[in-house]
Colleague: 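Just passing along the structure, written as structure tokens.
Counting starts at 1 for both ligands and their atoms, in listed order.
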Amino acid sequence: LRANDLKGGEVAKAMESALAPRITALKNRRMIPTLAIVRVGENPGDVYYQRSAARRCEALGITVEVFAFSESIAEEQLANEILNLNMDERIHGVLILRPLPGHIDDRAICKALDPKKDVDGVTDRSLAGIIKNEPQGFAPCTARACIEILKHFKIEIAGKNIVVIGRSLVVGKPLSLMLTALDATVTVCHTKTKDLPAIARGADILVAAAGRSRMITKEYVREDAVVIDVGINTDENGKLSGDVDYNGVCDAVSAITPVPGGVGTVTTAVLAAQVVEAAERS
Ligand code: NAP
């Protein structure tokens, strides 16, 4: 038995087709949905994400402006740049590439952003919306991407046992709350979790968002499990790898997202959707 590949490209394409008429409608109102990407330093991962997000957005007719700052920018100066973007009427959404350098307080920068432009769900208002399950702000793009994949492939969420490995504010924590709101029974695991393989094996749907190259091996999965691999890592040979040992696991589960070509691909489509949504709300 070989697992079904849950291809991100297919999900992204469907989402982008649904966006096209909305972008046309905005343009008819003389609005061009515009995303500002804020990058500090030259981290290759950030540069790669910026380029691929810009390419996908621009192909859809969303304008992307990159605001790149030196690694040594002071926190106060960066906060001021965010305040300027808040006031810039041309900009509908702002994506801040993180983590920021160590001398900058990440939360302070996120707090400076106008929640209306918070297309990656980093402000307190967006996070509160997720906790309260109220439509305010936006979800973090990666967390929503996982849900879009499950929905696209008609994988039932309600009533399922879902194990999320990782509790970061970007992925694990918001995703576990979003899945709970969709009536899943969610177990959140982290570095202090005891006997993780046994807990993971109890999952109907296993989400790996630990940032540990290929840590999820066959002993973590059940035969009928669906596996969502959020990880984007580099392995010991410098090659891109997920959190799941794809080759070791793909024969043992019912469906799995590949890396690359899985969650990451859908994340940029979600970003585009949230920029369009922000423009529509403005
Ligand atoms: P993070 O902030 O480093 O958080 C990792 C989480 O995983 C933490 O909660 C950590 O537990 C837990 N963890 C780490 N090692 C573990 C282990 N051996 N066993 C159990 N739990 C473990 O990372 P992140 O920002 O959430 O990102 C996670 C992964 O997703 C990374 O590979 C990242 O590159 C990728 N990512 C992908 C996308 C995309 O678009 N596909 C977007 C964002 C991130 P503690 O809390 O106990 O430390």
Colleague: Considering only heavy atoms of Arg167, which atoms of ligand 1 have at least one such atom less than 4.0 Å away?
Modeller: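 Taking each heavy atom of Arg167 in turn, ligand 1 has 6 (C), 8 (C), 9 (O), 45 (P), 46 (O), 47 (O) under 4.0 Å.
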
Colleague: Considering only protein heavy atoms, which is closest to atom 21 (N) of ligand 1, and at what distance to one decimal place?
Modeller: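 Atom 21 (N) of ligand 1 sits closest to the protein heavy atom His190 C, 3.2 Å.
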
Colleague: Who gets closest to atom 4 (O) of ligand 1 by heavy atom: Gly45, Ser168, Pro99, Pro174?
Modeller: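 When every heavy atom of Gly45, Ser168, Pro99, Pro174 is considered, Ser168 comes closest to atom 4 (O) of ligand 1.
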
Colleague: Counting heavy atoms only, which of Ile232, Asp120, Leu175, Leu271 is nearest atom 33 (C) of ligand 1?
Modeller: Ile232

Colleague: Considering only protein heavy atoms, which is closest to atom 31 (C) of ligand 1, and at what distance to one decimal place?
Modeller: Gly211 CA, 3.5 Å

Colleague: With heavy-atom distances below 4.0 Å as the criterion, list the atoms of ligand 1 near Asn233.
Modeller: 32 (O)

Colleague: Who's closest to atom 30 (O) of ligand 1 heavy-atom-wise, of Leu196, Val230, Val170?
Modeller: Val230

Colleague: For Glu10 and His152, which I'm curious about, is there any donor-acceptor pair between the side chains at under 3.5 Å?
Modeller: yes

Colleague: Kindly identify the option in Ser241, Ala210, Ala208, Ala143 whose heavy atom sits closest to atom 5 (C) of ligand 1.
Modeller: Ala210

Colleague: Tell me whether Asp243 is salt-bridged to Arg214, with the criterion being a basic N under 4.0 Å from an acidic carboxylate O.
Modeller: no

Colleague: Cation-pi between Arg281 and Phe138: NZ/CZ under 6.0 Å from ring centre and within 45° of the ring axis?
Modeller: yes

Colleague: Side chains of Asp5 and Tyr246: donor-acceptor distance under 3.5 Å anywhere?
Modeller: yes

Colleague: Provide the number and element of each atom of ligand 1 under 4.0 Å from a heavy atom of Gly166.
Modeller: 6 (C), 7 (O), 9 (O), 12 (C)

Colleague: Determine whether Thr234 and Ser213 make a side-chain contact, defined as any pair of heavy atoms from C-beta on separated by less than 4.5 Å.
Modeller: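 When only atoms from C-beta onward are counted, Ser213 and Thr234 do not touch, as no gap falls below 4.5 Å.
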
Colleague: So if I count the atoms of ligand 1 from 1 in the order they appear, which ones are less than 4.0 Å from some heavy atom of Thr267?
Modeller: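 This gives 39 (C), 40 (O) as the contact atoms.
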
Colleague: Among Val171, Ile149, Ile232, which one satisfies side-chain contact (heavy atoms from CB on, under 4.5 Å) with Val263?
Modeller: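 Of Val171, Ile149, Ile232, side-chain contact (heavy atoms from CB on, under 4.5 Å) with Val263 is met by Ile149 alone.
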
Colleague: Quick one: does Ile165 get a heavy atom under 4.0 Å from ligand 1?
Modeller: yes

Colleague: Could you tell me, atom by atom, which parts of ligand 1 come under 4.0 Å of a heavy atom of Gly264?
Modeller: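 The atoms of ligand 1 under 4.0 Å from a heavy atom of Gly264 are 40 (O), 41 (N).
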
Colleague: Is the closest basic N to carboxylate O distance between Arg98 and Asp106 below 4.0 Å?
Modeller: yes

Colleague: Decide, yes or no, whether a salt bridge links Arg107 with Asp105 under the criterion of side-chain N to carboxylate O below 4.0 Å.
Modeller: no

Colleague: Counting heavy atoms only, which of Val171, Val263, Ile216 is nearest atom 27 (O) of ligand 1?
Modeller: Val171

Colleague: Identify which of Arg212, Met215, Arg98 has a heavy atom lying nearest to atom 19 (N) of ligand 1.
Modeller: Met215

Colleague: What is the closest protein heavy atom to atom 47 (O) of ligand 1, and at what distance does it sit?
Modeller: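 Result for atom 47 (O) of ligand 1: Thr191 OG1, 2.4 Å.
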
Colleague: Does either side chain, that of Asp245 or that of Thr217, offer a donor lying less than 3.5 Å from an acceptor on the other one?
Modeller: no

Colleague: May I ask you to list the atoms of ligand 1 that are less than 4.0 angstrom from any heavy atom of Thr142?
Modeller: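 In order of number, 38 (C), 39 (C), 40 (O), 42 (C), 43 (C).
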
Colleague: Are Arg39 and Glu42 ion-paired here, with the side-chain N under 4.0 Å from a carboxylate O?
Modeller: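 The answer is yes: the pair qualifies as a salt bridge.
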
Colleague: Is the closest heavy atom of Ala209 to ligand 1 under 4.0 Å?
Modeller: yes

Colleague: Is any side-chain N of the basic residue among Asp204 and Arg222 closer than 4.0 Å to the acidic one's carboxylate O?
Modeller: yes

